[in-house]
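Notes to accompany the following structure.
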2 protein chains.
Amino acid sequence: MEHVDKLKHTGLKATLPRMKVLELFEHSAQRHLAAEEVYRQMVLLGFDLGLATVYRVLAQFEQAGLLKKSQLGAGRAVYELNDGEQHHGHLVSMTDGAVHEFFDPQIEARLADIAHDKGFEMADYVVTVFGRPR
Amino acid sequence: MEHVDKLKHTGLKATLPRMKVLELFEHSAQRHLAAEEVYRQMVLLGFDLGLATVYRVLAQFEQAGLLKKSQLGAGRAVYELNDGEQHHGHLVSMTDGAVHEFFDPQIEARLADIAHDKGFEMADYVVTVFGRPR
DNA sequence: ATACATGCAAACGATTTGCACTCCA
DNA sequence: TGGAGTGCAAATCGTTTGCATGTAT
């Protein structure tokens with residue numbers, strides 16, 4: 001599906017900033033991008049836009065289901081394309097901050113069970129592992 | 001062990017603010033407290049101290065192994081007594097923010113394995129489940 | 001006494017918002 | 001055209017820090 005259509009489909013106007021951000025996520029080497037990184041990439045690519053706009057666009061895209069947001073640790077929040085893929089965890093390297101993804105149905109099932117046991121319905125979960133390379 | 005001793009044992013001077021904060025964690029109804037909450041409790045209890053001091057004391061206590069820190073979601077970080085208990089996950093109620101704890105050795109083992117498979121040594125992990133009461 | 005602690009206010013990094021202006025449908 | 005989108009700067013939130021003062025050992 002075309003970018004324009006993807007956007008219209010969500011009720012968002014197909015503006016230049018939004019198109020560019022969407023493209024960036026689809027072409028970028030790294031799957032996970034923080035707002036600041038998106039902003040810097042844009043400027044680097046010669047397309048100048050406001051940082052505030054980046055934050056707004058990212059939030060809208062998350063709302064629209066185009067992106068998924070993950071809060072890794074305290075400061076940085078990263079976004080990634082929402083391929084409709086399974087929910088996954090993140091393995092963060094403590095030396096360089098690199099992010100690896102993993103999915104484990106076993107863990108997901110256990111978490112749902114645990115929530116259930118305590119009288120809750122699991123709506124979402126976050127699993128982040130911090131590790132040092134061997 | 002006395003509070004005074006607990007502190008001295010860590011190399012920290014047994015000052016009034018530190019004693020009070022330690023007591024608060026040992027007597028508070030809720031196990032998990034954010035810096036802001038600690039601060040408000042103190043003021044409420046008639047003991048006036050600076051918010052900056054709270055942050056410093058909490059950080060020192062974490063260093064000293066007296067408290068454990070958990071970053072739940074974006075903003076707030078919560079601290080809890082470190083009873084030397086096992087590492088555990090948090091189940092956060094989406095309706096009222098209440099925090100329940102849980103520990104699952106199976107999950108912990110899986111996470112260590114996953115990190116290992118990717119060439120990392122797991123140093124820490126965070127598991128947070130968001131759920132709605134049934 | 002003297003090194004370590006504290007209070008205050010200013011500095012901080014990430015994110016959000018008010019407002020005047022610009023642009024797509 | 002008119003409402004949604006944008007840029008900018010100022011505001012916010014949680015947290016940290018510089019510096020002058022206070023205090024436990």
Side-chain angles (χ1 to χ4, degrees), chain A residues 2-24 32-43 46-64 66-79 92 97 99, chain B residues 2-24 32-43 46-64 66-79 97:
Chain A
E2 284 302 316
H3 294 148
V4 193
D5 302 323
K6 267 195 188 170
L7 290 176
K8 286 188 179 170
H9 195 261
T10 67
L12 296 171
K13 284 186 184 173
T15 65
L16 211 43
R18 298 216 256 245
M19 306 273 270
K20 293 287 188 184
V21 171
L22 193 48
E23 279 173 29
L24 177 60
H32 301 84
L33 296 171
E36 188 72 34
E37 291 165 348
V38 171
Y39 175 68
R40 276 191 281 104
Q41 280 303 310
M42 286 301 165
V43 177
F47 181 69
D48 228 340
L49 79 178
L51 178 55
T53 299
V54 172
Y55 277 104
R56 277 188 285 234
V57 168
L58 291 179
Q60 291 158 350
F61 282 6
E62 192 203 356
Q63 274 292 341
L66 266 50
L67 296 180
K68 280 202 304 178
K69 179 182 187 176
S70 298
Q71 190 75 36
L72 302 185
R76 61 200 239 118
V78 296
Y79 290 82
V92 182
V99 181
Chain B
E2 283 303 316
H3 294 148
V4 193
D5 302 323
K6 267 195 189 171
L7 291 176
K8 286 188 179 168
H9 195 260
T10 66
L12 295 170
K13 284 186 182 173
T15 65
L16 211 42
R18 298 216 255 244
M19 306 274 270
K20 292 287 189 184
V21 171
L22 192 48
E23 280 173 28
L24 176 60
H32 302 84
L33 296 171
E36 188 71 37
E37 292 167 347
V38 170
Y39 174 68
R40 276 190 283 104
Q41 281 302 310
M42 286 300 167
V43 177
F47 182 69
D48 229 340
L49 81 176
L51 178 54
T53 300
V54 172
Y55 276 102
R56 276 189 286 235
V57 169
L58 291 178
Q60 291 158 349
F61 282 6
E62 193 202 354
Q63 275 291 344
L66 266 50
L67 296 179
K68 279 202 304 178
K69 179 182 188 177
S70 299
Q71 190 77 33
L72 302 185
R76 58 197 242 124
V78 296
Y79 290 82

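Below, chains carry the letters A, B, ... as their sequence lines are ordered, and counting in each starts from 1.
Remark: P of C:dA5 and CZ of B:F47 are 15 Å apart, rounded to the nearest angstrom. B:E36 has its CD atom 9 Å from the P atom of D:dT15, to the nearest Å. When rounded to the nearest whole Å, the span between CE of B:M19 and C1' of C:dA5 equals 15 Å. In this structure, B:R76 atom CZ and C:dT15 atom C1' are separated by 18 Å, rounded to whole Å. In this structure, CG of A:L16 is placed 14 Å from C1' of D:dG7, rounded to the nearest angstrom. In this structure, NZ of B:K20 is placed 13 Å from P of D:dA24, rounded to the nearest angstrom. For A:D48 and D:dG5, the CG to P distance is 21 Å, given to the nearest whole Å. Atom CE of B:M42 is separated from atom C1' of C:dG7 by 16 Å (rounded to the nearest Å).
Cation-pi geometry between B:K20 and B:F47 is met: the NZ or CZ atom falls under 6.0 Å from the ring centre, inside 45° of the normal.
Of the two residues near DNA chain D, B:K69 and B:L12, the one whose nearest nucleotide lies more 5' is B:K69.
Donor-acceptor pairing under 3.5 Å is recorded for the side chains of B:Q60 and B:R18.
Ranking D:dT6, D:dT15, D:dA24 by closeness to the B:T15 side chain, first place goes to D:dA24. Side chain of A:L49, nearest nucleotide from D:dA24, C:dG7, D:dG7: D:dG7. Residue A:K13 has its side chain nearest to D:dG5 when only C:dA5, D:dA9, D:dG5 are considered. Of all nucleotides listed (D:dT25, D:dT15, C:dT17), C:dT17 comes nearest to the side chain of A:A52.
Considering only heavy atoms from C-beta on, A:L7 comes within 4.5 Å of A:M19 through its side chain.
Checking the phosphate oxygens (OP1, OP2) of D:dT6, a side-chain nitrogen or oxygen of A:R18 falls inside 4.0 Å. In this structure, A:Y55 reaches the C:dT15 phosphate: one of its side-chain N or O atoms is under 4.0 Å from OP1 or OP2.
Under 3.5 Å, the side chain of A:R56 and the base of D:dG7 form at least one donor-acceptor pair of N or O atoms.
Backbone-only contact: A:A14 has heavy atoms under 4.0 Å from sugar-phosphate atoms and none from a base. Using a 4.0 Å heavy-atom criterion, one finds that B:A77 contacts the sugar-phosphate atoms exclusively.
Comment: A:R76 does not engage A:E36 in a salt bridge, judged by the lack of any side-chain N to carboxylate O separation of less than 4.0 angstrom.
Within a 6.0 Å sphere centred on CD of B:Q63, other residues, nucleotides and ligands contribute 12 heavy atoms or fewer.
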